[in-house]
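Throughout, protein chains are lettered first and strands after them, A, B, ... in sequence-line order, and every chain is numbered starting at 1. This structure is a prediction, so every number in the text was calculated from the model and none was measured.
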There are 2 protein chains.
Amino acid sequence: MDRELLKGSTPLLLLSLLCEGPMYGYQIIETVRHRTGGTYTLKEGALYPALHKLEATEFISSYWETQDNGRERRYYAIQPAGLAFLSAKKKEWNQFVDMVQAFVGPKA
Amino acid sequence: MDRELLKGSTPLLLLSLLCEGPMYGYQIIETVRHRTGGTYTLKEGALYPALHKLEATEFISSYWETQDNGRERRYYAIQPAGLAFLSAKKKEWNQFVDMVQAFVGPKA
DNA sequence: TGACGGCCATCGCTTTGCGAGGCACATTGG
DNA sequence: CCAATGTGCCTCGCAAAGCGATGGCCGTCA
């Protein structure tokens with residue numbers, strides 16, 4: 001998958017995923033990897049900065065949770081502002097896809 | 001339109017457009033602007049570098065043509081290698097869209 | 001003659017993904 | 001018992017690409 005295409009779609013992906021419930025970083029990576037059948041592996045160097053940025057803008061929030069074995073995990077949960085932002089982003093995404101489709105021609 | 005989403009889609013757009021016949025820079029910008037109803041205005045700072053890069057890799061070629069009024073225009077035309085590349089890019093594009101769609105949910 | 005528009009192009013900035021690296025700890029198997 | 005692997009967090013420097021600004025050239029038309 002061309003890395004350049006991915007640019008800008010990461011927040012969309014993350015917010016969409018977090019709509020299904022809180023998740024922690026490693027889990028997000030694995031989930032994406034499995035759901036795409038390995039086609040797309042979200043990289044840590046892309047994930048964590050994106051997550052932190054979404055948190056800084058209060059679109060998501062985070063909290064640490066201790067597992068049974070004593071180790072900690074950082075969960076991220078979507079916030080109301082994030083839901084609103086996601087809705088706007090989705091609209092933008094659809095516009096974008098339609099636009100490109102108009103030039104490239106439909107699915108072919 | 002979020003600039004980040006556009007990344008990586010520019011070559012796809014350009015090659016698709018040039019499939020319809022040779023065009024010159026300014027014409028490309030105007031064509032995109034009109035066809036999208038003004039939603040998307042391809043910027044010069046994005047177009048020309050992209051065009052030159054496509055030419056450097058021999059996916060397109062260029063030639064100068066003199067207009068009736070004596071002024072010159074630089075036309076770009078797609079090359080065989082460009083057609084092949086376009087075909088691959090299209091496939092990648094569709095994969096990408098399907099992937100994101102799978103997380104975001106269909107058009108809704 | 002001066003403003004506007006067609007037409008080419010470049011430069012520095014920003015953003016974002018990536019690869020690599022680093023740290024910490026639990027589990028498992030030889 | 002110790003090494004390898006897996007879980008889990010993170011940051012840093014790099015490269016790529018779009019953007020805004022800028023600049024230059026030359027027709028046309030008021």
Rounded to whole Å, OH of B:Y76 lies from P of C:dC7 at a distance of 13 Å

Closest to the 5' end of DNA chain D, once A:E4 and A:P49 are matched to their nearest nucleotides, is A:P49

Would you say the side chain of B:K7 and the base of C:dT15 hold a donor-acceptor pair, judged only by whether the two atoms sit under 3.5 Å apart? yes

(Q) Does A:Q27 reach a base, just sugar-phosphate, or nothing at all? Heavy atoms under 4.0 Å. (A) nothing

- Task: Look at B:T10 and D:dA17 and indicate whether a side-chain polar atom (N or O) is within less than 4.0 Å of OP1 or OP2.
- Result: no

Ranking C:dC18, C:dA9, D:dC9 by distance to the side chain of A:Y26, first place goes to D:dC9

Atom OH of A:Y48 and atom C1' of C:dA20 are separated, to the nearest Å, by 16 Å

inquiry  = Heavy atoms only, 4.0 Å cut-off, all strands: where does A:Y40 land among base, sugar-phosphate and nothing?
reply    = nothing

I'd like to check B:Y76 versus B:E55 (side-chain heavy atoms, cut-off strictly below 4.5 Å). Are they in contact?
yes

A:Q67 side-chain N/O to D:dG8 phosphate OP1/OP2 under 4.0 Å: yes

- Query: With a 4.5 Å heavy-atom cut-off, do A:L14 and A:L42 have their side chains touching?
  - Reply: yes

Just checking B:G25: base, sugar-phosphate only, or nothing, at a heavy-atom cut-off of under 4.0 Å?
sugar-phosphate

B:R73 NZ/CZ over B:Y24 ring centroid, <6.0 Å and within 45° of normal
yes

From CG of A:L47 across to P of C:dT16 the rounded distance in Å is 14 Å

Give one of base, sugar-phosphate or nothing for A:K43, where a contact means two heavy atoms less than 4.0 Å apart.
sugar-phosphate

Between C:dC8 and B:E44, counting only base atoms on the nucleotide and side-chain atoms on the residue, is there a donor-acceptor pair under 3.5 Å?
yes

- Query: Which part of the nucleic acid does B:R74 contact within heavy-atom distance under 4.0 Å: base, sugar-phosphate only, or nothing?
  - Reply: sugar-phosphate

Between CZ of B:R33 and C1' of C:dG5 the distance, given in whole Å, is 12 Å

| message | Between B:T41 and B:R33, do the side chains contain a donor N or O and an acceptor N or O under 3.5 Å apart? | response | no

Please assess A:R74 against A:Y63 for the test side-chain contact (heavy atoms from CB on, under 4.5 Å), listing each intermediate value before the final yes or no. CA-CA 6 Å; A:R74 185 173 191 174; A:Y63 54 92; over 6 Å; no

Here the distance between atom P of D:dT7 and atom CH2 of A:W64, to the nearest Å, is 17 Å

Does any N or O donor sit under 3.5 Å from an N or O acceptor when you compare the side chain of B:R71 with the base of D:dC26? yes

Under 4.0 Å: is that the gap between some side-chain N or O of A:Y24 and OP1 or OP2 of D:dG8? yes

| message | Taking any heavy-atom pair under 4.0 Å as a contact, classify A:E30: base, sugar-phosphate, or nothing. | response | nothing

Only one of B:D98, B:V100, B:N94 passes side chain to side chain contact (heavy atoms under 4.5 Å, CB included) with B:F96, and that residue is B:V100

- Query: For B:H52 and C:dT10, is the shortest distance between a side-chain N/O and OP1 or OP2 below 4.0 Å?
  - Reply: yes

Of D:dC19, D:dT11, C:dG17, the nucleotide closest to the side chain of B:R3 is D:dC19

Between CG of A:L42 and P of C:dG17 the distance, given in whole Å, is 8 Å

Rounded to whole Å, CG of B:L14 lies from C1' of D:dA17 at a distance of 13 Å

